[in-house]
Amino acid sequence: MGVEEQRAGEFYVERDVMNELCLDKLARRRTHSTRPLLKERVKDSLRCSVPKLKRSVLSFIPILSWLPRYSVRQDALGDLISGISVGVMHLPMGLAYALLASVPPVFGLYTSFYPVLMYCIFGTSRHISIGTFAVTSIMIGTTTERLAPNSNFMTLNGTNGTHVLDVVARDAIRVQIAASTTFLSGIFLFLLGMIRFGFVVTFLSDPLVRGYMTGAGIQVVLSQFPSLFGISVGRFSGPLSQVYLLIDICRHLPETNIAAVVVTLVALAVLIVVKELNIYYEKKMPVPVPIELITIIVATLISYYCNLHSLYKVAVIGQIPKGLKPPRSPDVSLWGSIVGDAFAVGIVGYAVNISLGKIFGQKHGYNVDSNQEMVAVGLCNIVGGFFQCHVVAASPPRTLLQDSTGGKTQVVGMISSVLVLIFILQLGSLFEELPKAVLACIVLVNLRGLFMQFKDIPELWKSNKFDLLVWLVTLVCTILLNLDIGLGASIGFSMLTVIFRTQLPRYSILGHVPGTELYLDTDTYEEAKEIPGITIFRSSTTMYYTNAQLYLDALQEKSGIDIGMLLMKKKKRDTEEKRKDKKEKNKAKKEAKKNGVNGCLPNNTVHPDDKWDEEKGSPELKLNQTAIALVDRPINGQVNWAFEQQGTGFDRGPETGIHGDDHMTQMSSTGREGEVGRSSFNDTHTIILDLSTTNFADTATVKTLKNIFLNYRKIDIDIYLTGCQVCVVEQLSSADFFSESIPKSCLFSTIHDAVLHSLRLHGASDVPIIYEYALVSGADFMTCYYFLGYLEMYSLINSYSHRILCSDTISSSTRTWPALPRCNQQESYCSSSTPLTSFHHSAA
């Protein structure tokens with residue numbers, strides 16, 4: 001569809017050119033904030049009333065809000081089926097993930113019971129299934145093995161002199177460590193949630209979380225290799241621990257238990273095939289086949305009747321005690337050793353929770369409160385710490401199962417908890433002969449979703465290479481530096497990429513699109529043409545202390561004005577002029593003294609001081625005083641077209657606003673005339689800085705903008721700011737940015753306002769016709785200029801300007817420009833009866 005076919009309407013705008021002062025007056029800027037004072041907000045938060053108390057209780061305990069409105073007819077059947085399905089899945093996952101946490105399997109069942117009930121009371125997501133999760137389990141396992149390695153529990157056998165591992169003592173200490181870590185993690189999350197700190201998870205970007213999960217999944221796979229092959233390996237912690245583990249596994253491969261490998265292969269084959277069938281026939285089956293539960297039942301029967309443990313040395317999970325354990329206070333003395341691990345595992349678990357919760361909340365049309373979720377997960381871990389559980393999180397496989405089987409409320413968690421409780425009280429001891437290799441296979445098969453995230457690599461390569469870099473660095477750091485240090489390093493790298501992106505923004509010179517009020521990047525849009533004499537500069541990111549100098553350098557490079565060199569030349573020229581004036585004065589005094597005449601020079605010569613005053617007050621004498629040459633200077637491999645002022649006595653009069661119509665030449669670095677550059681036709685008299693992308697102004701920004709104003713004004717270039725947000729203007733005012741030298745009238749609402757203001761200020765002689773020709777047929781005008789010659793062109797400009805000033809408007813095909821009378825730069829246009837900006841768009 002062409003451009004003409006896409007036009008669907010028209011609009012017409014006619015208004016005055018408005019700077020910041022005019023805008024404040026027109027829009028009636030408030031002199032005070034409508035936001036209540038801090039004192040009033042504190043009073044309001046401490047004020048207690050029955051409705052407010054009710055809202056607070058319902059928000060803190062969401063079950064009181066949704067349970068009275070529970071619809072048995074609509075939701076009960078779906079919740080019952082989903083609760084049974086999820087509960088069946090909890091059983092093998094609880095047993096398997098307990099081994100990842102390096103605690104006895106029964107504690108995985110406890111983790112699938114107590115925290116799930118707590119989340120049903122305090123959670124806000126209706127579809128996530130909280131409980132054991134591979135990543136948080138392996139993080140707990142890393143902590144327990146680091147603080148309680150096997151070497152600390154080796155005892156000497158007095159009979160044969162060999163060292164024997166005291167498994168009971170080791171497991172008891174590891175359970176204590178896991179419970180203390182879980183409790184401390186819950187305290188962190190609960191306190192952060194109470195102070196409304198749920199946004200902390202925003203520092204974990206999606207590529208970082210997905211890369212971290214994938215790296216943790218690889219660690220999980222490596223940790224399960226010993227169970228899959230039936231071998232015993234050492235335990236390693238700290239950086240490069242996974243490398244050492246992989247080397248140790250390869251070293252012990254000759255000791256592989258063939259029976260364990262057979263069990264592994266059979267279990268993997270059955271699990272993978274049935275899982276794929278469940279996915280393939282997902283829409284045809286009301287409930288997927290609970291293959292994990294079927295597998296552990298069949299494997300337990302085979303192991304029991306074939307006596308795999310005693311005959312073939314196949315490792316089994318061992319004793320599973322019946323009943324629930326009484327609560328026990330966590331060991332506070334361990335907190336100093338686990339504080340970093342507790343915070344890291346808590347944040348990771350919460351990040352998984354809120355990610356899945358928001359996904360399914362958007363899918364089903366309800367909101368998930370991030371702060372309440374943090375409180376809920378914190379309470380789950382606090383209560384779980386008293387009952388020897390380890391850190392919980394939402395499991396993607398169970399959550400998907402809950403959603404696909406029709407679960408609609410948190411009642412699903414209650415039903416699954418009842419099923420787990422029955423297993424703990426009555427059925428747990430029946431699975432003591434279950435091979436560990438089967439549990440390892442269940443863990444691996446349920447990691448399928450994590451490894452599918454490797455598909456992110458080609459997608460991120462196409463969409464965003466910075467995010468791909470974060471994904472890959474997080475993956476590598478997680479594997480090599482371990483889970484705790486790897487998480488910190490990944491967050492640090494992610495923050496560095498944000499800073500690095502602000503160091504490499506896109507700097508653009510904007511040009512006007514004919515027939516519109518739009519100003520677009522000239523490098524991107526062919527129809528965007530620069531306005532002679534006006535440079536419009538934009539950065540794609542906000543300017544602050546880390547990139548302020550880069551902003552200044554880019555402005556000089558893009559505008560082609562080497563401000564430092566020009567200021568140095570001007571200072572040198574002024575010094576030379578002062579020296580010559582002083583020399584002439586001394587010479588005049590000597591001649592006057594010699595001729596005996598006071599204050600008069602021979603031959604009616606004007607005194608140099610009088611001559612300087614006369615030239616300064618006469619606009620006619622200012623013309624043809626200065627030649628502006630464009631000199632190319634290589635800067636970093638690029639050519640910088642710097643304006644070089646030649647001649648003496650160049651100053652733009654504040655009343656006339658005229659820049660000398662002097663001859664302009666472009667000199668190459670060797671002194672020869674070169675090809676005409678971008679700014680060879682007109683000298684830059686205005687630079688407009690588009691600050692629409694700036695959202696705050698720090699001290700470095702204020703200082704940089706002040707320097708730009710002051711330095712460019714010394715070489716007679718006006719600076720205007722456009723697109724400043726209200727907060728930025730307020731920050732500039734607070735920093736005393738505005739003064740007599742930098743008035744607030746230099747701020748404009750839009751680029752178009754600033755351009756028209758500049759054209760009005762500089763347009764009484766040459767700029768209006770140049771601008772009009774540039775908009776209509778700039779190429780023809782440039783050709784005309786070089787063929788007619790400077791003097792003929794000057795006459796054409798004067799005659800055309802006379803016709804412009806005598807007419808009412810300057811018209812173009814799709815645009816109406818009013819006559820722009822000469823005025824002072826500080827003049828306000830709010831009271832003008834003639835509209836100073838007018839543009840009309842219509843459909844084809």
Side-chain angles (χ1 to χ4, degrees), residues 88 90-114 131-132 137 140-141 144-145 148-150 152-155 157 163-179 182 223-224 226-228 230-232 235 257 259-260 263 267 292-293 295-328 384 386-390 419-443:
V88 167
H90 265 300
L91 300 176
M93 282 189 170
L95 296 172
Y97 291 160
L99 298 181
L100 290 179
S102 298
V103 295
V106 69
F107 293 95
L109 297 177
Y110 297 157
T111 306
S112 300
F113 174 67
Y114 293 106
T132 55
S137 298
I140 292 294
T144 56
E145 291 178 2
N150 289 339
N152 291 357
F153 302 95
M154 302 300 293
T155 58
N157 190 339
H163 288 85
V164 180
L165 177 64
D166 189 351
V167 177
V168 176
R170 182 202 65 182
D171 289 346
I173 295 298
R174 287 183 175 180
V175 168
Q176 264 192 338
I177 295 172
T182 301
S223 68
Q224 296 305 300
S227 297
L228 295 175
I231 58 178
S232 297
R235 299 289 183 174
N257 188 318
V263 172
E292 290 92 348
L293 182 61
T295 302
I296 65 172
I297 293 174
V298 174
T300 302
L301 293 175
I302 294 175
S303 175
Y304 178 78
Y305 286 106
C306 295
N307 206 7
L308 296 180
H309 177 58
S310 58
L311 294 180
Y312 303 101
K313 307 299 180 183
V314 175
V316 295
I317 62 176
Q319 183 181 6
I320 300 179
K322 288 185 178 182
L324 299 173
K325 289 184 175 295
R328 179 180 178 183
F386 282 107
F387 290 95
Q388 291 85 51
C389 304
H390 52 269
L419 195 62
V420 173
L421 179 62
I422 294 173
F423 189 88
I424 293 173
L425 296 177
Q426 300 295 331
L427 305 178
S429 59
L430 299 178
F431 293 90
E432 293 179 354
E433 293 296 320
L434 175 64
K436 289 184 178 181
V438 175
L439 294 179
C441 291
I442 293 174
V443 171

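All values reported here derive from a predicted model rather than from experimental measurement.
Interatomic distance, Thr300 OG1 to Ile296 CD1, rounded to the nearest 0.5 Å: 6.0 Å. Within the model, atoms CD1 of Ile140 and OG1 of Thr182 stand 4.5 Å from one another, a figure rounded to the nearest 0.5 Å. To the nearest 0.5 Å, atom CD1 of residue Ile442 and atom CG of residue Leu434 are 7.0 Å apart. Separating the CG atom in Leu91 from the OG atom in Ser112 is a distance of 7.5 Å, to the nearest 0.5 Å. A distance of 8.0 Å separates CG of Leu425 from CZ of Phe113, quoted to the nearest 0.5 Å. Gln388 CD to Tyr114 OH: the interatomic distance, rounded to the nearest 0.5 Å, is 8.5 Å.
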Under 3.5 Å, which donor-acceptor pairs do the side chains of residues 308-326 form with other protein atoms, sequence neighbours left out?
unit_1: His309; atom_1: ND1; unit_2: Val314; atom_2: O; d: 3.1
unit_1: Ser310; atom_1: OG; unit_2: Asn307; atom_2: OD1; d: 2.4
unit_1: Ser310; atom_1: OG; unit_2: Asn307; atom_2: ND2; d: 2.5

Could you tabulate the donor-acceptor pairs under 3.5 Å formed by side-chain atoms of residues 166-174, not counting sequence neighbours?
unit_1: Asp166; atom_1: OD1; unit_2: Ala169; atom_2: N; d: 3.4
unit_1: Arg170; atom_1: NH1; unit_2: Asn150; atom_2: OD1; d: 3.1
unit_1: Arg174; atom_1: NE; unit_2: Ala148; atom_2: O; d: 3.1
unit_1: Arg174; atom_1: NH2; unit_2: Ala148; atom_2: O; d: 3.1
unit_1: Arg174; atom_1: NH2; unit_2: Asn150; atom_2: OD1; d: 3.2

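For Phe107, the ring pair (Phe, Tyr, Trp, His ring centres under 6.0 Å) partners are Tyr110, not counting sequence neighbours. A search for side chain to side chain donor-acceptor pair (under 3.5 Å) contacts involving Glu145 returns Ser102, Arg235, not counting sequence neighbours. For Ala440, the side chain to side chain contact (heavy atoms under 4.5 Å, CB included) partners two or more places apart in sequence, or in a different chain, are Gln224, Ser227, Leu228. Residues meeting the ring pair (Phe, Tyr, Trp, His ring centres under 6.0 Å) test with Phe153, sequence neighbours left out: none.
Checking side-chain atoms of Ser137 against main-chain N and O of Ala101 turns up no donor-acceptor pair under 3.5 Å. For Ser303 (side chain) and Ala299 (main-chain N/O), no donor-acceptor pair under 3.5 Å exists by modelled atom type.
Partner His90 forms a side chain to side chain contact (heavy atoms under 4.5 Å, CB included) with one of Thr111, Leu95, Val420 and no other, that one being Val420.
For the residue pair Pro92 and Leu439, the shortest heavy atom distance occurs at O-CD2, 4.1 Å. For the pair Gly230 and Asn257, the tightest heavy-atom approach, listed with the atom from each and the gap, is O-CB, 3.8 Å. Minimum heavy-atom separation, Ala98 to His390: CA-CE1, 4.2 Å.
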